**Q** 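Here it is, the structure in full.
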Amino acid sequence: MKRAFSGVQPSGVLHIGNYFGAIRRFTEFQDEYDCYYCIVDLHAITVYQDPEELPKAIRDTALYYLASGLDPEKVTMFAQSDVPCHAELSWMLECISTFGELSRMTQFKEKARGTESFSSGLFTYPVLMAADILLYDADVVPVGEDQKQHVELCRDIAERFNSRYGETFKIPEAIIPEYGARVKSLQDPNKKMSKSDPNPLSYISLSDSKDEIAAKVRRAVTDSGREIVYSPEDKPAIANLMTIYSLCTGLGFPEIEDEFAGKGYADFKKALIDAIIYALEPVQQKYAEYAESGMVSSILRQGAEKANQVSSQVLRRAKQSMGLSLLADPTRRKLF
Ligand code: ATP
Ligand code: LTN
């Protein structure tokens, strides 16, 4: 069976961009791939996380994995910091990645803009992500558009490692959805919807109540004119709202244009509110059921056990290739 790997940071409330761009799609792989879905808490601490809140956010992310339809019998879900191989391989890969290539990462440039007091971890963040993926011999990595550059870097690092030290890592491929790969902020359609946006009006969180959803959609920015037409260049705000409507209903853009021909933004927003509420309702309901069941800690414990088994074998292989750890290689043990 081919393998899929992906991760989500427990760094705040999950939003519909995370859901449509990543988590909902994770479920599409679970029948045909051996899936590893990680809660990447070591990535989250590249910026300060309140130690009281972080464990809650880890649990919450796991609950949304389950609520979105991931079956713990089929997929391995775990917290990154429960599997020490990630940090260890990350260091080894840092030693073959360059300052230049990490400096070119768009996410880093955006997050570090205007300051030099960012953590070194924020800079080496994509190398830890490469380690995550390579440790599981992943074939595919389902992610949103913003992570494409990081998966490409992962491929470069793996190819460099293989050519320097011999075939060790499988080269993974990013799988980006056609639509929903980049849901934009409701307040600024030039920016992606983001958990770390200080303005909660910019995103719809998976835990938002019906009233909050309605209020946020009503206050979402629109473009000039009044027609509902899909034109990302001329009408980026409406194109974004239409994308969300399409993700919630499964309708294509021409069908949406037909549905709202002759109607204005107010009618469209009303329908959008209903569509988002309808799409999130089952997720919110399942979230509450799983939270009540208390199953999540044992699911994460079992996931970490399996992830430790798989990743420690790949780490051993990488150490052997690099000439590290005498215990990893019986032929070298004889040297002593
Ligand atoms: P932050 O913006 O605070 O860095 P985030 O909202 O991007 O966080 P992540 O945990 O970094 O969330 O991302 C988890 C997954 O969700 C990734 O696969 C990412 O590509 C996807 N994703 C994040 N934001 C969006 C978005 N606006 N549209 C579509 N997919 C997204
Ligand atoms: N950087 C990713 C989260 C992430 C990830 C991964 C995604 C960390 N490790 C490995 C896919 C594969 C993000 O979404 N911000």
Side-chain angles (χ1 to χ4, degrees), residues 3-26 29 35-49 57-58 60-61 64-65 68 78-81 83 86-87 89-90 93 105-108 110-112 118 121-122 124-136 138-155 157-158 172-200 202-206 240 243-244 247 307 311:
R3 290 236 174 98
F5 185 98
S6 198
V8 173
Q9 301 185 73
S11 55
V13 285
L14 293 172
H15 52 71
I16 54 172
N18 301 132
Y19 178 64
F20 291 121
I23 304 176
R24 185 173 76 168
R25 296 175 46 245
F26 292 176
F29 291 83
C35 297
Y36 288 77
Y37 293 128
C38 187
I39 297 155
V40 290
D41 48 2
L42 297 175
H43 278 103
I45 59 164
T46 54
V47 296
Y48 177 77
Q49 301 294 333
I58 294 170
D60 220 45
T61 308
Y64 277 116
Y65 276 179
S68 304
F78 64 100
Q80 193 183 26
S81 62
V83 183
H86 291 243
L89 181 64
S90 181
L93 299 181
M105 293 295 115
T106 313
Q107 181 177 296
F108 167 70
E110 275 168 11
K111 296 207 169 183
F118 52 81
L122 193 68
T124 55
Y125 176 114
V127 187
L128 176 59
M129 180 164 160
D132 296 342
I133 298 167
L134 299 177
L135 276 173
Y136 296 88
D139 297 277
V140 296
V141 185
V143 279
E145 173 77 33
D146 61 321
Q147 296 302 311
K148 194 173 166 197
Q149 191 186 33
H150 287 163
V151 179
E152 269 157 22
L153 178 75
C154 169
R155 290 164 61 92
I157 294 175
E173 195 191 327
I175 307 274
I176 317 270
E178 202 176 336
Y179 296 109
R182 199 174 179 83
V183 177
K184 310 283 175 49
S185 156
L186 298 182
Q187 292 297 313
D188 179 357
N190 298 311
K191 292 200 306 199
K192 73 161 194 156
M193 188 175 278
S194 161
K195 305 188 201 110
S196 42
D197 193 317
N199 181 1
S202 70
Y203 56 78
I204 290 174
S205 124
L206 297 185
N240 185 41
T243 301
I244 298 173
L247 290 164
S311 61

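Note that ligands are numbered from 1 as they come in the structure, with each ligand's atoms numbered from 1 the same way. What you see is a predicted model, and the numbers here were worked out from it, not measured in a lab. Reckoned from all heavy atoms, side chains included, excluding hydrogens, waters and symmetry mates.
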**Q** Quick one: which ligand 2 atoms are inside 4.0 Å of a heavy atom on V141?
**A** 11 (C), 12 (C)
**Q** Report the nearest protein non-hydrogen atom to atom 10 (C) of ligand 2: residue, atom name, distance rounded to 0.1 Å.
**A** F5 CE2, 3.5 Å
**Q** By number and element, which atoms of ligand 2 are closer than 4.0 Å to a non-hydrogen atom of Q9?
**A** 15 (N)
**Q** Any nitrogen or oxygen of Q147, main chain or side chain, under 3.5 Å from a nitrogen or oxygen of ligand 2?
**A** yes
**Q** Ignoring hydrogens and angles, tell me if any N or O in the side chain of K195 forms a donor-acceptor pair with the backbone of Q9 under 3.5 Å.
**A** yes
**Q** Where do Y203 and S194 come nearest, in terms of heavy atoms and distance?
**A** CD2-O, 3.4 Å
**Q** Taking heavy atoms and a distance under 4.0 Å, where does L128 meet ligand 2: side chain, backbone, both or neither?
**A** neither
**Q** Is there a donor-acceptor contact under 3.5 Å from the side chain of S185 to the main chain of K191?
**A** no
**Q** Got a donor-acceptor contact below 3.5 angstrom from the Q149 side chain to the T106 backbone?
**A** yes
**Q** Hey, is the main chain of P172 close enough, under 3.5 Å, to the side chain of R155 for a donor-acceptor pair?
**A** yes
**Q** Can you figure out which of M129, H150, H43 has its heavy atom closest to atom 6 (C) of ligand 2?
**A** M129
**Q** List the atom of F29, the atom of V140, and the distance in Å for their closest heavy-atom pair.
**A** CE2-CG2, 4.0 Å
**Q** Answer yes or no: is there a donor N or O on one side and an acceptor on the other, between the side chain of H43 and the main chain of Y125, under 3.5 Å?
**A** yes
**Q** Between D146 and ligand 2, which residue portion shows a heavy-atom distance shorter than 4.0 Å: side chain, backbone, both, or neither?
**A** neither
**Q** Looking at atom 3 (C) of ligand 2, what's its closest protein heavy atom, distance included?
**A** G7 O, 3.6 Å
**Q** Considering only the protein, which heavy-atom contact is closest to atom 9 (N) of ligand 2, and what is its distance?
**A** D132 OD2, 2.6 Å
**Q** Looking at H86, is its backbone amide N or carbonyl O close enough to the side chain of Q80 to form a donor-acceptor pair, meaning the two atoms are under 3.5 Å apart?
**A** no
**Q** Strictly distance-based, threshold 3.5 Å: is any side-chain N or O of N240 a donor or acceptor partner for the main-chain N or O of K184?
**A** yes
**Q** Write 'none' if nothing qualifies; otherwise put on separate lines each N/O atom of ligand 1 with a protein N/O atom under 3.5 Å away and their distance to 0.1 Å.
**A**
| from | atom 1 | to | atom 2 | distance (Å) |
| --- | --- | --- | --- | --- |
| ligand 1 | 2 (O) | K192 | NZ | 3.4 |
| ligand 1 | 2 (O) | S194 | OG | 2.6 |
| ligand 1 | 3 (O) | S196 | N | 3.2 |
| ligand 1 | 3 (O) | S196 | OG | 2.7 |
| ligand 1 | 4 (O) | K111 | NZ | 2.5 |
| ligand 1 | 6 (O) | H15 | NE2 | 2.8 |
| ligand 1 | 6 (O) | N18 | ND2 | 3.3 |
| ligand 1 | 6 (O) | K195 | N | 3.4 |
| ligand 1 | 7 (O) | K192 | NZ | 2.3 |
| ligand 1 | 10 (O) | Q9 | N | 2.9 |
| ligand 1 | 10 (O) | K195 | NZ | 2.7 |
| ligand 1 | 11 (O) | Q9 | NE2 | 3.0 |
| ligand 1 | 12 (O) | N18 | ND2 | 3.1 |
| ligand 1 | 12 (O) | K195 | NZ | 2.9 |
| ligand 1 | 16 (O) | N18 | ND2 | 3.2 |
| ligand 1 | 18 (O) | G144 | N | 3.2 |
| ligand 1 | 20 (O) | G144 | N | 2.9 |
| ligand 1 | 20 (O) | D146 | OD1 | 2.5 |
| ligand 1 | 27 (N) | V183 | O | 2.7 |
| ligand 1 | 27 (N) | M193 | N | 3.4 |
| ligand 1 | 27 (N) | M193 | O | 3.0 |
| ligand 1 | 28 (N) | V183 | N | 2.8 |
| ligand 1 | 30 (N) | G17 | O | 3.2 |

**Q** Is there a donor-acceptor contact under 3.5 Å from the side chain of R3 to the main chain of Y136?
**A** yes
**Q** Residues two or more places apart in sequence or in another chain: which of them pass side chain to side chain donor-acceptor pair (under 3.5 Å) with Q147?
**A** Q107, H150
**Q** Just which atoms of ligand 2 are under 4.0 Å from any heavy atom in V143?
**A** 7 (C), 11 (C)
**Q** Please write down residue, atom name and distance for the protein heavy atom closest to atom 1 (N) of ligand 2.
**A** Y125 OH, 2.6 Å
